[in-house]
Every structure is written in C-alpha cells, then in structure tokens.
Number of protein chains: 2
Amino acid sequence: MTPAVPATSSRALPHPPREEIRLEAVLHALSDPLRLRIVRELAADGDELTCSQFVLPVTKSTSTHHFRVLREAGVIRQVYRGTAKMNGLRRDDLDGLFPGLLDALLAAAERQAARLGTTGRTGP
Amino acid sequence: MTPAVPATSSRALPHPPREEIRLEAVLHALSDPLRLRIVRELAADGDELTCSQFVLPVTKSTSTHHFRVLREAGVIRQVYRGTAKMNGLRRDDLDGLFPGLLDALLAAAERQAARLGTTGRTGP
DNA sequence: AGCGTAATACGAGAGTTATCGTACGAGTCT
DNA sequence: AGACTCGTACGATAACTCTCGTATTACGCT
C-alpha cells in the first residue's frame, strides 16, 4: 500500500548538532563555487529540493560529495523521502548561532553574481 | 639622513584590485582558524600592525604564507615601511563590494569565541 | 662597511580536497 | 519478481594546502 505522504525513510544521515557547528567549517563549505551555488539556490527556491533538481556541471558522485560537505558543516539538512533526498538550509540553527551571517553571505553572493553578469544559478 | 616619517618602501606587493576580489576567495581565506584570528585582531587593534606583532603558534614562514593568502584574497593590505610590513584590513573595499559582510563575519567569530570560551586572540 | 632584524623565497613533507568511474543498495512502479 | 531511478561507497588520481627548515634579500643603525 502506498502512503499518501511518503514517509521519511528510516535511513538516517549524520548531522552535527547546533552547538557543534563551527564558523570555520561553514566558511570553508561556502568557499567552493559549486557549494555556494547550491546554497543560493536552496535559499531562493525553498527548502524542499532533491539533489537531482540541481543541474550541476559535475558527476553524481561529485555532487554527493559536495552535499555531504555542506551537511557535515551544518549548513544544510538532508532527509530521505522514498528514493529522493530532500535538502534544506539550516536557517534556524545558523541564524541562532550567527545572527545575520547567512543573510549577509547570501546578499554578498547575489551582489557578486550581479556584478559579474552571471547568475550562478543552474539555468532558466 | 633619516627621514622623520619612514617612507613606505619601493618594494611593491601584489594586491588584487577591488573589482577582482572574489567572495569565494575571501571565504576560503577566512576558513582557516589562524587567518580568522589574524583578521579579528586586525579589526580590533587597528590597521597598523606589523607581522611580528602577532604571536602565532607557527613559524615565521608559515606566518608569511597565511598573510599572503589573506592579501591575495583581497582581505588585507600590506605595505612595507622600512624593514617592517604593516598590515591593514581592506575595510573600504570589502564594505564596498559586500556591504555588511565583514561586520557579520566578525560578529559571528566573536560570538563563537565567546561561546567556546576561547578568545581566539593571541594573548597578553 | 659591517651587523642585526624583518620578512621572503624555495624546496620538501604530510595531509586534505575535488573529481571521476564503476559497482552497489534502497525504494518505487509495472 | 523484475526493471528503473536516485543516491552511496569505494577506489584512484591530480591538485592544492599547511607546515617546516634553510638560504636570501631589504632595510636601518653603529
């Protein structure tokens, strides 16, 4: 029988608790262009995106790697739902730890993208 | 003859112009604990610190390396004055490119240092 | 000129990262 | 059950980073 709402799978993914999120790790995670792009897209399009909705210029393995880096740094939250894996920004935790930081970073990325004439987004 | 104000030496150090400063490079530069510490100290103590005024738990070579990473990312400005090298935050350029970012980053670092019970400063 | 100090350059080592390819596991649909 | 899709795991490799030690350059002072 098919549940109306596909329950989150029992497969658990390790996330650092809020207290263990380190600023350096967050900055390192966001210092990669691909990962910054993922985070920008996540912030713009909402919190319920599967990995495959991102059109990234790398293979699936590499993609998985980057998502894991973001998760282990405490930047995103990942949850299985059926065969898909939903990705969401950990806005609450990041804002709690570093008020204003995430917005400043997103604004900075937006500004740079506008200045360089490239959206940094995955496409139309 | 000794000039009253020791003129900045002719030795020039390569700095990226403001337009070439990239957010990713800045984040990468600040993702190292030692470099974040340097920047915090620079922000707190003013803009006229020599390299040797920082008491860092690494050798001079390594220190030089970190200062160069910061300079090449566009985070700091370095100028020779006699035998010393003065270091200063590029606040104007960073604020111009990414308004509010530097302050948010410094505030985040301050918060984390307070939370972890370590100042991240070099000590008395 | 000669000495001392501040910082660099260069080379080398260990560790980390980004990327890929292939093989595998979990879940859904017919 | 079988096939298909989404994502992971495991190597492997190349590039980069942090660290150091030693040799060197630039500057100020005696």
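Letters go in sequence order (proteins before strands), and every chain restarts at 1.
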**Student:** Taking only N and O in the side chain of B:H28, is any of them less than 4.0 Å away from OP1 or OP2 of D:dC16?
**Tutor:**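 Negative; the distance criterion is not met.
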**Student:** Counting the atoms with a prime plus P, OP1 and OP2 as sugar-phosphate, which does A:T50 contact under 4.0 Å by heavy atoms, base, sugar-phosphate, or nothing?
**Tutor:**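 Here A:T50 touches the backbone only, sparing every base.
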**Student:** Rounding to an integer number of Å, can you tell me how far B:L34 CG sits from D:dC18 P?
**Tutor:**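 Checked: the CG to P distance equals 10 Å.
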**Student:** For a 4.5 angstrom cut-off between non-hydrogen side-chain atoms, does A:C51 reach A:F67?
**Tutor:**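 They are in side-chain contact.
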**Student:** Looking only at side-chain atoms of B:H66, point me to the closest of C:dA6, D:dT19, C:dC20.
**Tutor:**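 Nearest listed nucleotide: D:dT19.
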**Student:** I need the CD-C1' distance between B:Q78 and C:dA6, as an integer number of Å.
**Tutor:**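 Computing the B:Q78:CD to C:dA6:C1' distance gives 13 Å.
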**Student:** Using a heavy-atom cut-off of 4.0 Å across all strands, would you classify B:T64 as base, sugar-phosphate, or nothing?
**Tutor:**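 Result for B:T64 = base.
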**Student:** Going through the checks in order, is the side-chain contact (heavy atoms from CB on, under 4.5 Å) test met by B:I38 and B:L56?
**Tutor:** CA-CA 9 Å; B:I38 291 173; B:L56 300 174; 3.8 Å; yes
**Student:** Does A:R68 place a side-chain N or O at less than 4.0 Å from the phosphate oxygens OP1/OP2 of D:dG7?
**Tutor:**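 No.
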**Student:** Tell me the interatomic distance from B:Y80, atom OH, to C:dT5, atom P, rounded to whole angstroms.
**Tutor:**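 So the two atoms are 18 Å apart, to the nearest Å.
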**Student:** Starting at CG of A:L70 and ending at P of C:dT17, how long is that distance when rounded to a whole Å?
**Tutor:**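 Taking CG of A:L70 and P of C:dT17, I get 13 Å after rounding.
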**Student:** Would you kindly say whether A:Q112 and B:E24 are connected by a side-chain donor-acceptor distance under 3.5 Å?
**Tutor:**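 Yes, because at least one side-chain N or O of A:Q112 sits under 3.5 Å from a partner of the opposite role on B:E24.
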**Student:** Using the side-chain heavy atoms of B:A84, tell me which of these nucleotides is nearest: D:dC18, C:dA7, C:dG27.
**Tutor:**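 Nearest nucleotide to the side chain: C:dA7.
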**Student:** Would you please confirm or rule out a distance under 4.0 Å between OP1 or OP2 of D:dT19 and any side-chain N or O of B:T59?
**Tutor:**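 B:T59 to D:dT19 OP1/OP2: no side-chain N or O under 4.0 Å.
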**Student:** Base, sugar-phosphate or nothing for A:H65? Non-hydrogen atoms, less than 4.0 Å.
**Tutor:**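 If one applies the 4.0 Å heavy-atom cut-off, A:H65 turns out to touch a base.
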**Student:** Please confirm whether the shortest side-chain N or O distance from A:R35 to OP1 or OP2 of C:dA18 is below 4.0 Å.
**Tutor:**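 A:R35 to C:dA18 OP1/OP2: side-chain N or O found under 4.0 Å.
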**Student:** May I ask you to verify if any side-chain N or O of B:S63 is less than 4.0 angstrom from the OP1 or OP2 atom of C:dA7?
**Tutor:**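 For C:dA7, OP1/OP2 do not have a side-chain N/O of B:S63 under 4.0 Å.
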**Student:** Any side-chain N or O of A:T62 under 4.0 Å from OP1/OP2 of C:dA18?
**Tutor:**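 No, because none of the side-chain N or O atoms of A:T62 sits under 4.0 Å from OP1 or OP2 of C:dA18.
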**Student:** Check the distance between D:dC6's C1' and A:L56's CG and give it to me in whole angstrom.
**Tutor:**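 So the CG-C1' distance, A:L56 to D:dC6, works out to 15 Å.
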**Student:** For the side chain of A:V58, starting at C-beta, report the closest nucleotide among D:dG7, C:dT19, D:dT5.
**Tutor:**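 Selected nucleotide (nearest to the side chain): C:dT19.
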**Student:** Using whole Å, what does the distance between atom C1' of nucleotide D:dG7 and atom CD of A:Q53 come to?
**Tutor:**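 Nearest whole value for this atom pair: 14 Å.
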**Student:** Determine yes or no for a side-chain-to-main-chain donor-acceptor pair under 3.5 angstrom, with A:S31 supplying the side chain and A:H28 the backbone.
**Tutor:**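 The answer is yes, because a donor-acceptor pair under 3.5 Å joins these two groups.
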**Student:** Using whole Å, report how far NZ of B:K60 lies from P of C:dA7.
**Tutor:**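 For the pair B:K60 NZ and C:dA7 P, the rounded distance is 8 Å.
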**Student:** Indicate whether any N or O donor in one side chain lies under 3.5 Å from an N or O acceptor in the other, for A:T64 and A:S61.
**Tutor:**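 No - no donor-acceptor pair under 3.5 Å links their side chains.
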**Student:** If I take atom CZ in residue A:F54 and atom P in nucleotide D:dC6, what distance separates them, rounded to the nearest angstrom?
**Tutor:**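 Result: 15 Å.
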**Student:** Starting from the C-alpha separation in whole Å, work towards a yes-or-no answer on side-chain contact (heavy atoms from CB on, under 4.5 Å) for A:L23 and A:L101.
**Tutor:** CA-CA 10 Å; A:L23 176 61; A:L101 179 64; 3.7 Å; yes
**Student:** Just call it for A:S61: base, sugar-phosphate, or nothing, with non-hydrogen atoms closer than 4.0 Å on any strand.
**Tutor:**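 A:S61: base contact, heavy atoms under 4.0 Å.
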